Structure formats: structure tokens, C-alpha cells
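Inspection log for the structure reproduced underneath, given as C-alpha cells.
Just so we're clear, the structure is a prediction, and the values are computed from it rather than from any experiment.
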Amino acid sequence: MGEQLRKIGDPNELDAKAQKLMEDKDAESRTRILVGPIEKVFTAVLIIWAIFQVWANTFGTLGAVKMRTAHIMFLLPLAVTLYPTFKKERRRRKSLPVWDYLYIAVTVACYGYILWRYDALARTGRLNNTDVYVGVVCLLVAFEAARRTSGNLAIIALIFLSYFAVWGKYVPGTFGTSAFTLKRIIKALVWDTGGILGTGANVSATYIFVFVLFGAFLKYSGFSQFINDIALTLVGRSPGGPAKVAVLASALMGMINGSAIANVATTGTITIPLMKKTGYKKDFAAAVEAVASTGGQFTPPIMGAVGFVMAEFMAISYTKVMLAAAIPAFLYYLGLIYSVHLEAKRLGLSGLAPENIPQAGRVLRERGHLLIPLIVLMALMFRGYTPLFAAIAATVVIVPVSWLRKDTRMDLKTIIRATVEGSRSAISIGVSCVIIGVVIGSVNMTSLGLNFGNLILRVVGGGQLFLGGLMVMIMSTILGMGVPGVAAYVIVYVVAVPVLRATGATEMAANLFCLIYACLSNITPPVAMSSYVAAGIADSNMTKTSLIAMKLGIAGFVLPFFFLNNPVLLYGSTEGVALSETIRAFATSSMGVLALAAGLAGLPVQKYSNGTTALRVLCRAMLIVGGMLFVNPSLATDVLGLAIIAAQIVIDKLVLSKAKPLAAV
């Protein structure tokens, strides 16, 4: 069993079952199998693209818009090469359909025209007819790539575009828009930097590509096995050890790859069967994997690349985002680990045998050097260097560091495989970021975000943080369903963050609030993509798995409301907050998360010989209420929470511990 656990996250292909589940629900997973000359050409272009992106982000002299355009000239043709035209298309291909070759030629020609024409247009600001026609084609090919790679997102973007271009002018009242000409629409969405060449394309061409490449190099250096071995040494021997290892491994891998669904499919094929074999019920095992993989998207230091988008939007250093997100992410996983522990105690499960646990000293000797790239990354960012420079430097460092041990040495073939996988992994996320430009441009041109915010303010009133947060939570969860993490955050940022800011939330709190709920849509019914894939692997009920996942991830659903009202838990986000105050809030919130987990997932209610069943229910309720009060970072609620928890302990020790249980209910 220990050997199986140590394989979690290895760069092996998904098993057939996991692949089918992903393809059924996730367009990103429906890829072609290229063979023969087309496969070699595709691989070569991926390598050239990676070299170009590293050059453009280090020594390149291209302007920002031209770099984004060149990025898209690689991105869209690669997307239609990798992703099939239709869901049921034959996947194994020696050549592409004729229409794909035509698409590639048209895409390169049209975006090449933008490269050639942009300087002249920037001086005059006037579009001619050719510019408009080319812009229309650029928009169409972007939609086609988005349809293939992330169908749900393409539909969302099309709805926003149709509102902007067609039916918004017929809407009466607050949400009515002006009538826009085709030239103005194309200028806003294609030629200006508020559309497909805007923030989304910029993030894709810089932060996302570079950090996805960094993650691929880490993976092929053997860092995944190091993660799993360390997880085994930390929690492998404790009750329910395999499930705890799965939590830690899935969290760390999800943080790097940025896709909760893909992480469930890769790590879940090993962790879920092992949890079931250990003694966990299949619904619970699937829920644990779904929750652990989902949290990686807002877990520092990499945050699945979403944190860099957030830093870009707020015009602050990524270090501040990372520090602010650290405590909420820790509390999320603390609650999950403790819930897993309580379930193991309830089922009477033991940990792994000592012979299946690697020695910590041996693990550090054999693979501890693989931490050096992460140390380099963190050190450079804390010293004020840009995340891009830090990530590229850390990626370069990975190769010589891997040579320090024979078992981790990356040869030329491994380096090429890492480069190809990194470039390939950036395709679907990149297309999502490009098409998100349509949403951003449409919202900005129609003032939809401002109007929507004003409507909510009229409903809830100014300063009503809780009511505003409740509406934004629902909105963020819905908009994030079935959408990649980065794209989900960008959508809710445009629509929801202004609402929270208007109700009095700080900028950091508003952004993290929307990010966390957009990510948690992966485990929120009815869509719950991560829960769906995990349930399929475990052969469990999807709805039951999603409900258990929500219970296990309770800290993620509760915490945002507390830091929205008092951002003391977001370290460094608010001036004038003393470090001692943050430490106190962190300590009491940790106790609150543990109490919540105990109340929701603790030992079962029992019938007692002296009739104390009602007291047992009361104790569970007291744990939940006391936990909620503890999570709120204020001294008054901490004192009240402490009193309730203390009363619960007294009842438990003086009454329940002396009662003889008759039967579990």
C-alpha cells in the first residue's frame, strides 16, 4: 500500500475510467491522440512556443499587445489541433480534417494582420473596413477554439456578447444598453486592450504559461514523489493515514496544476481505491479527494496561477496576495484533515504499517534537494523580484538541481517531455483567458457590472456586508460552475467584486471571497464537477458525494464571510493590524474550525441507558455554534465561543462519558 501511495501524482496516463469520466463532463479533457508526422509537428511547435514565451518574458522587445497577439497565434492553432471538432469524432489521427488546416491558416493570417497593422492603428485610432472584417474573423476563431476546449465558457461568453451586440438595446430600465455599431463592437473586443487582447490574454501569455511550465518541470524532476513520501512520513501512521496522505498530496498537486477536475482524475485513481480498501466508505472517499483537489486552487504559494491574475487586477505584488491567502487555505485543509481523522476514529481505522512508511531522513537525503527551486522562487519574490522572473529562474534551476542525485536526474528526453507537457497544459487555460476578454469587454462597454452592483445595493442597502456577501456567494458559485479556476475568478471579478467593494469590503477581502466561492463550485451541487469525477471513480452516488464534500469543506464555505467583515485573518491586507492580533485570530479560528469539524463529522449520536441522547445532540450543536463564534475574528465572539465549548466539554465529561451506550443511531 505504501508503494501505491508513493506513486500519487506521477506523470502516468490516466486510467480509462477516469479519462472517460473527465471527457463526459469536461471539454478540456477531450483531446486527440496524434500519431505520425502530425504528432512530431505538434510537439515541435509546442517546444518552439515554450522557447518563444520564455524569451518574450525575459529578453523580448515586443510590446505588450504584440506579445499577446503572438501568444494567441500559437495558442488557437494548437487548440484546434489538439481538441476535436465534435465530441464523437475519431480521436486517433494521422492528419487533421481539412477545415482545421483552413482554420489554422486563417487564424495565423488574421492575427498576423493585427501584428502588422497595430502600430498604425494605435496612432490614428480609426478602423477601416478591412480592420473590421479581420476583427470579426479573429473573434469567430477565438470562439471556435473556446467551444472545443471549454464549451460552458464559450456559451457564457456568447451570452455576454449577444447582450452587448444584439438584445441589450431592447432591455428596458437599468439593464438597457445603447445600440452599438459593428465597428465599435469589434474595436472594443478585438483592437482595444479591454477585449481578447486584454488582461486575460496578458495573464495567459505571462503568469499562467510560465507557472504551468514551472509545474511541469517540478513534476518531471520527481517532486511529486517527494511530496507523497513527505506526506507519508507526516501522517501515514496516524488513524486513516492513506486518506490524510491523499489530502496533502492532492492539495499540493492541485496548487501546481490549477485544475481541480484534472487533479481528481490523476490522484483520485490511486487515492480513492486505497481509502476504500483502508475502510472508508466510497462516498466519503470520493468527497475527500474532491475537497482536497479543489482547495489547491487558492492555496499558496502557487494557487494554480489564479493568485497572479488577482495581483494583476489589484495592481499589487503577488507576495501580498500569497500572504493574505495563506491562513484561509490552511484553515480549509485543517478542517478537512480533522474530519478525516474523526471518521477514521469512528470506523476504528488504523494507520499504515511502519514498513510502508519511508524514513524522513532518507526522503530528505534522496529528494530534499528538489525543494531548492521552490526556495529560489519564494526567496526571489520576497526580495521584490517579479513573479515572472522568479518563476523562470526557478524553472532554470530545476534542471541542474535534479542532477544532484542520479534518481532525479533530468536528461534531454525528460526536459523535452516536461516542456511539451507544460506547453500543452497551458492551451485550455490560455483559450479560456482569451475568450474571457469577450466577457470583460462586454461588461465594461455596457456598464453591466456597475448596473448590477447598483441594483444589489438598492436591494440590500449600503454597508450591508452580510446580505451583499450572500448574494455574491450565490452568484460566484453559479458563474464558477463547470468553468476553469482562472476563468471563473475573472468572471466573478468583473461582476461581483465591485458589489462587495460598494458594500464596504476591503479590496483583498472582496477578491479572495469571490475566488474561494468560484473554486468551491467544483464541489457544490448540482454541477459539482470535481465531485462528479470523484464519484465516478469511487462508484458512489454523485449527489451524496457532493453533500459530504460540502460538509468536509465547511471551512471554505464559512471563512469568507468572517474575513469579509473583519480581514484580520488576511495577513498584510489591512494597514494598522498588529501581527499579534492576526496570530490571536488565527489561533482561535483554528480552534473554531476543529470544533465545527467535530460537530458536523464527529462520533455518531448514541442512545444511552440513562436517557442522555438529547444531551449528545445538544453537545454536537454546541460544538457547531461555538466553532462558528470562534471562527469570527473578534475578541467578544472568541470569549463567547470559549464559554460554549467549555460548557460542552463539562457536559461531555461529567454526563456523557459516564453513560453506557446501548446502540448507535
Side-chain angles (χ1 to χ4, degrees), residues 150 152-153 156-157 159-161 163-164 189 193-204 206-208 258 297-298 303-318 320-322 324-325 328 429-430 432-457 465 468-469 471-522 560 563-564 567 570 573:
S150 53
N152 289 343
L153 186 56
I156 292 173
I159 292 172
F160 277 89
L161 174 60
Y163 170 73
F164 174 25
L189 297 183
T193 56
I196 60 176
L197 295 178
T199 302
N202 178 59
V203 169
S204 173
T206 52
Y207 299 112
I208 289 177
Q297 295 176 95
F298 52 84
M303 299 176 69
V306 181
F308 305 106
V309 184
M310 186 183 296
E312 182 85 3
F313 283 159
M314 291 193 290
I316 62 175
S317 71
Y318 173 68
K320 290 185 178 180
V321 175
M322 183 174 60
I429 302 176
S432 297
C433 289
V434 170
I435 204 65
I436 275 296
V438 175
V439 177
I440 296 175
S442 300
V443 169
N444 290 338
M445 289 297 293
T446 59
S447 299
L448 178 63
L450 181 62
N451 292 334
F452 189 79
N454 289 336
L455 176 64
I456 290 182
L457 286 176
L465 261 178
M471 297 185 72
V472 168
M473 177 196 74
I474 297 170
M475 184 196 320
S476 299
T477 304
I478 293 173
L479 291 175
M481 287 180 175
V483 178
V486 175
Y489 165 68
V490 174
I491 293 174
V492 298
Y493 170 83
V494 174
V495 179
V497 168
V499 176
L500 290 178
R501 295 285 287 127
T503 56
T506 65
E507 188 172 20
M508 182 67 77
N511 276 269
L512 276 175
F513 184 95
C514 292
L515 168 62
I516 291 174
Y517 281 117
C519 292
L520 290 178
S521 64
N522 280 291
F563 69 62
L564 193 66
L570 309 181
S573 66

message = Would the distance check show the side chain of N511 and the main-chain N or O of M508 forming a donor-acceptor pair, the cut-off being under 3.5 Å?
response = no

query = Can V490 and V439 be said to form a side-chain contact (heavy atoms from CB on, under 4.5 Å), step by step?
reply = CA-CA 9 Å; V490 174; V439 177; over 6 Å; no

task = Could you go through the side-chain contact (heavy atoms from CB on, under 4.5 Å) check for Q297 and N522 one step at a time?
result = CA-CA 11 Å; Q297 295 176 95; N522 280 291; 3.4 Å; yes

inquiry  = Measuring from atom CG of L161 to atom CD1 of I156, what distance do you get when rounded to the nearest 0.5 angstrom?
reply    = 13.5 Å

key: Heavy-atom closest pair, residues L564 and G469   = CD2-CA, 4.1 Å

query = Does the pair M445 and L189 meet the rule for a side-chain contact (heavy atoms from CB on, under 4.5 Å), with working shown?
reply = CA-CA 9 Å; M445 289 297 293; L189 297 183; 5.8 Å; no

note = Correct closest heavy-atom pair for V492 and A518 would be CG2-CB, 4.2 Å

note = Nearest heavy-atom approach of L570 to A509 is CD1-CA, 3.6 Å

query = Rounded to the nearest 0.5 Å, how far does CE of M310 lie from CD of E507?
reply = 10.0 Å

task = Might you point out which heavy atoms bring I196 and V434 nearest each other, and give the distance in Å?
result = CG2-O, 3.5 Å

ask   = Is there a donor-acceptor pair under 3.5 Å between the side chain of S442 and the backbone N or O of V438?
value = yes

ask   = Do F160 and F164 make the cut of ring centroids closer than 6.0 angstrom?
value = no

task = Please round to the nearest 0.5 Å and tell me the distance separating atom CZ of F563 and atom OG1 of T506.
result = 9.0 Å

key: Worked verdict on S204 versus I429 for side-chain contact (heavy atoms from CB on, under 4.5 Å)   = CA-CA 7 Å; S204 173; I429 302 176; over 6 Å; no

ask   = So which heavy atom on F298 is nearest to which on A325, and how close?
value = O-CB, 4.1 Å

query = How are the rings of F313 and Y493 set to each other: parallel, tilted or perpendicular (split at 30° and 60°)?
reply = parallel

message = Given 3.5 Å as the limit, does a donor-acceptor pair link the side chain of N202 with the main chain of G198, or not?
response = no

query = If you look at every heavy atom in I516 and P560, which pair is closest and at what distance?
reply = CG2-CG, 4.0 Å

